[in-house]
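For reference, the structure discussed in these notes is given below.
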There are 2 protein chains.
Amino acid sequence: MKEYRSTKEDSLEEFVKKCKECGLKITPQRISIYKEVLNSENHPSAEIIYRRIKRIHPGISFDTVNRTLLTLSEMGLLEIVEGSGDVRRFDPNNKNHHHFRCKKCGKIVDFYNESYDKLEVPDYLKKKFIINKVRVLLEGICDNCINKTQD
Amino acid sequence: MKEYRSTKEDSLEEFVKKCKECGLKITPQRISIYKEVLNSENHPSAEIIYRRIKRIHPGISFDTVNRTLLTLSEMGLLEIVEGSGDVRRFDPNNKNHHHFRCKKCGKIVDFYNESYDKLEVPDYLKKKFIINKVRVLLEGICDNCINKTQD
DNA sequence: TCCTAAATAAGAATTATTACTATTTAGGTT
DNA sequence: AACCTAAATAGTAATAATTCTTATTTAGGA
Ligand SMILES: [Mn+2]
Ligand SMILES: [Mn+2]
Ligand SMILES: [Zn+2]
Ligand SMILES: [Zn+2]
């Protein structure tokens with residue numbers, strides 16, 4: 001039986017397809033930014049992506065990175081992650097998942113949980129609002145920060 | 001049977017008690033800010049609170065308001081609400097509740113749901129992290145914004 | 001009443017985000 | 001392959017949000 005996994009090539013194809021659908025041009029900058037954010041684990045900020053991209057495109061501007069990330073999120077290829085009044089951070093994980101956030105260091109960790117995925121939304125809310133996403137958000141102190149405090 | 005409800009007087013007493021516990025001085029500014037934020041419905045920003053407080057303390061500085069709100073949240077009297085890279089907003093609702101957030105206008109609406117309150121956290125997460133809060137976050141389009149788009 | 005550390009006001013500095021504009025370029029057309 | 005044009009980009013500038021600095025005031029204990 002053949003397994004279908006999403007590889008980077010698949011993602012890039014999806015990206016190109018989506019760009020064409022939306023009438024957006026496929027530029028080297030966009031491709032790099034898309035690849036970079038897709039490879040990143042920890043809900044990076046625009047600034048972080050910018051610094052990484054500069055190694056490949058030394059002349060790229062921060063504005064282009066930030067604008068592209070916003071564009072990607074409008075296209076549905078990224079999410080803007082729920083933060084706490086700190087810098088805006090992006091989420092390249094398009095699988096259904098949930099978050100733990102550390103109050104100390106701000107780290108946001110993905111986790112998967114089938115029973116959380118099945119949460120039902122109360123009818124009165126479904127009637128009043130259009131609900132696109134249901135996510136559980138855990139808050140507390142991460143393992144790193146627990147160890148630090150013990151020092 | 002006597003009912004216990006939390007009144008504003010109760011809250012103020014709690015505030016004074018908590019301040020003394022933490023060795024914080026009770027200043028007119030702090031009292032006003034605390035009262036104001038406790039009365040607000042819609043997860044206000046520091047700027048919003050600042051503008052309201054100025055009617056009572058015309059000479060108050062924005063920094064004092066912002067700093068005090070951060071202090072209150074460190075004391076556990078407020079929460080910083082999960083946003084999306086926009087301005088920091090505060091949550092004076094200390095009852096167990098959940099949030100709907102509108103992607104269009106950024107409004108955050110409280111709602112209550114007993115089955116959400118009872119959500120279990122997976123053991124492997126409990127072991128790894130200290131979990132203080134479990135919250136469901138719904139995302140979508142609010143009633144106001146649905147109507148606007150129809151125009 | 002006096003004393004002192006904490007809190008405040010005012011404004012500067014820093015950081016984050018968005019806007020502007022001249023130049024370049026992707027991608028369609030001839 | 002050369003040309004055209006709207007979209008995208010680079011390089012700032014402008015704006016908005018947040019934090020820091022410092023002189024002054026004040027809450028609360030002695
Ligand atoms: Mn995530
Ligand atoms: Mn709330
Ligand atoms: Zn942490
Ligand atoms: Zn809305």
Side-chain angles (χ1 to χ4, degrees), chain A residues 12 15-37 43-51 53-75 77-78 80-90 106, chain B residues 12 15-37 43-51 53-75 77-78 80-90 106:
Chain A
L12 198 55
F15 171 69
V16 170
K17 205 183 73 186
K18 201 104 191 204
C19 278
K20 288 188 175 165
E21 276 174 25
C22 302
L24 298 174
K25 292 180 176 174
I26 295 155
T27 66
Q29 291 92 334
R30 275 192 182 148
I31 292 173
S32 288
I33 293 165
Y34 178 72
K35 280 190 193 169
E36 186 59 50
V37 74
H43 306 92
S45 64
E47 183 66 32
I48 296 280
I49 298 294
Y50 172 59
R51 287 208 283 267
I53 293 286
K54 276 225 286 197
R55 299 197 290 240
I56 308 158
H57 295 271
I60 203 168
S61 71
F62 172 79
D63 186 50
T64 294
V65 175
N66 191 52
R67 193 170 14 80
T68 300
L69 289 169
L70 291 173
T71 304
L72 293 175
S73 78
E74 275 171 23
M75 293 163 72
L77 296 172
L78 294 181
I80 295 171
V81 81
E82 65 282 349
S84 278
D86 44 357
V87 305
R88 180 162 45 216
R89 290 163 67 178
F90 298 90
Chain B
L12 198 56
F15 171 69
V16 169
K17 204 183 72 185
K18 201 103 191 204
C19 278
K20 288 187 176 167
E21 275 174 26
C22 303
L24 298 175
K25 292 180 177 175
I26 296 156
T27 66
Q29 292 94 333
R30 276 193 180 147
I31 292 172
S32 288
I33 293 166
Y34 177 71
K35 279 190 192 168
E36 186 59 50
V37 74
H43 306 92
S45 64
E47 184 65 34
I48 296 281
I49 298 294
Y50 172 58
R51 286 209 285 267
I53 293 286
K54 276 225 283 200
R55 299 196 292 241
I56 309 158
H57 295 273
I60 203 168
S61 72
F62 172 79
D63 184 52
T64 294
V65 174
N66 190 52
R67 193 170 17 79
T68 301
L69 289 169
L70 291 173
T71 303
L72 292 175
S73 77
E74 276 172 21
M75 292 163 71
L77 295 171
L78 294 181
I80 294 171
V81 81
E82 63 283 351
S84 278
D86 44 357
V87 307
R88 179 161 46 216
R89 291 162 68 178
F90 297 89

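Every chain is numbered from 1 and lettered A, B, ... according to where its sequence line falls, protein lines coming before strand lines.
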So what does [X] touch, heavy atoms closer than 4.0 Å: a base, only the sugar-phosphate, or nothing?
X	result
I33(A)	nothing
L70(B)	sugar-phosphate
G59(B)	sugar-phosphate

Report yes if at least one side-chain N or O of [X] is closer than 4.0 Å to OP1 or OP2 of [N]; otherwise report no.
X	N	answer
S61(B)	dA9(C)	yes
N66(B)	dA17(D)	no
R88(B)	dT15(C)	no

Looking only at heavy atoms, what is the nearest atom pair of [X] and [Y], with distance?
X	Y	value
V65(B)	A46(B)	CG1-O, 3.7 Å
R30(B)	K25(B)	NH1-O, 2.7 Å
Y50(A)	F62(A)	CE1-N, 3.3 Å
S32(B)	I56(B)	OG-CG2, 4.4 Å

Next on the checklist: Any non-hydrogen side-chain atom of T68(A) less than 4.5 Å from a side-chain atom of Q29(A)?
Outcome noted: no

Checklist entry - Going by heavy atoms in the side chains, are L72(B) and Y34(B) under 4.5 Å from each other? => result yes

Next on the checklist: Looking at R89(A) and S45(A), would you say the former's side chain and the latter's main chain have a donor-acceptor pair under 3.5 Å?
Outcome noted: no

Checklist entry - Is the backbone of I60(A) close enough, under 3.5 Å, to the side chain of T64(A) for a donor and an acceptor to pair up by distance? => result no

Specify the separation, in whole Å, of atom [atom1] of [X] and atom [atom2] of [N].
X	N	atom1	atom2	result
R30(B)	dT8(C)	CZ	C1'	10 Å
I53(A)	dT9(D)	CD1	P	12 Å
Y50(A)	dA16(C)	OH	C1'	14 Å
I31(B)	dG28(D)	CD1	C1'	13 Å
L69(A)	dT18(C)	CG	C1'	14 Å
F62(A)	dT12(D)	CZ	C1'	14 Å

List, with names and distances, any nitrogen or oxygen atoms from the protein found under 3.5 Å away from nitrogen or oxygen atoms belonging to nucleotides 24-28 of chain C.
| residue | atom | partner | partner atom | Å |
| --- | --- | --- | --- | --- |
| dA26(C) | O3' | I26(A) | O | 3.4 |
| dA26(C) | N3 | K25(A) | NZ | 3.1 |
| dG27(C) | OP1 | I26(A) | N | 2.7 |

Output a table of donor-acceptor pairs, distance under 3.5 Å, between side-chain atoms of residues 17-24 of chain A and any protein atom two or more places apart or on a different chain; print 'none' if there are none.
| residue | atom | partner | partner atom | Å |
| --- | --- | --- | --- | --- |
| K18(A) | NZ | M75(A) | O | 3.2 |

Quick one: which protein N/O atoms are closer than 3.5 Å to N/O atoms of nucleotides 19-22 of chain C? Pair and distance per line, please.
none

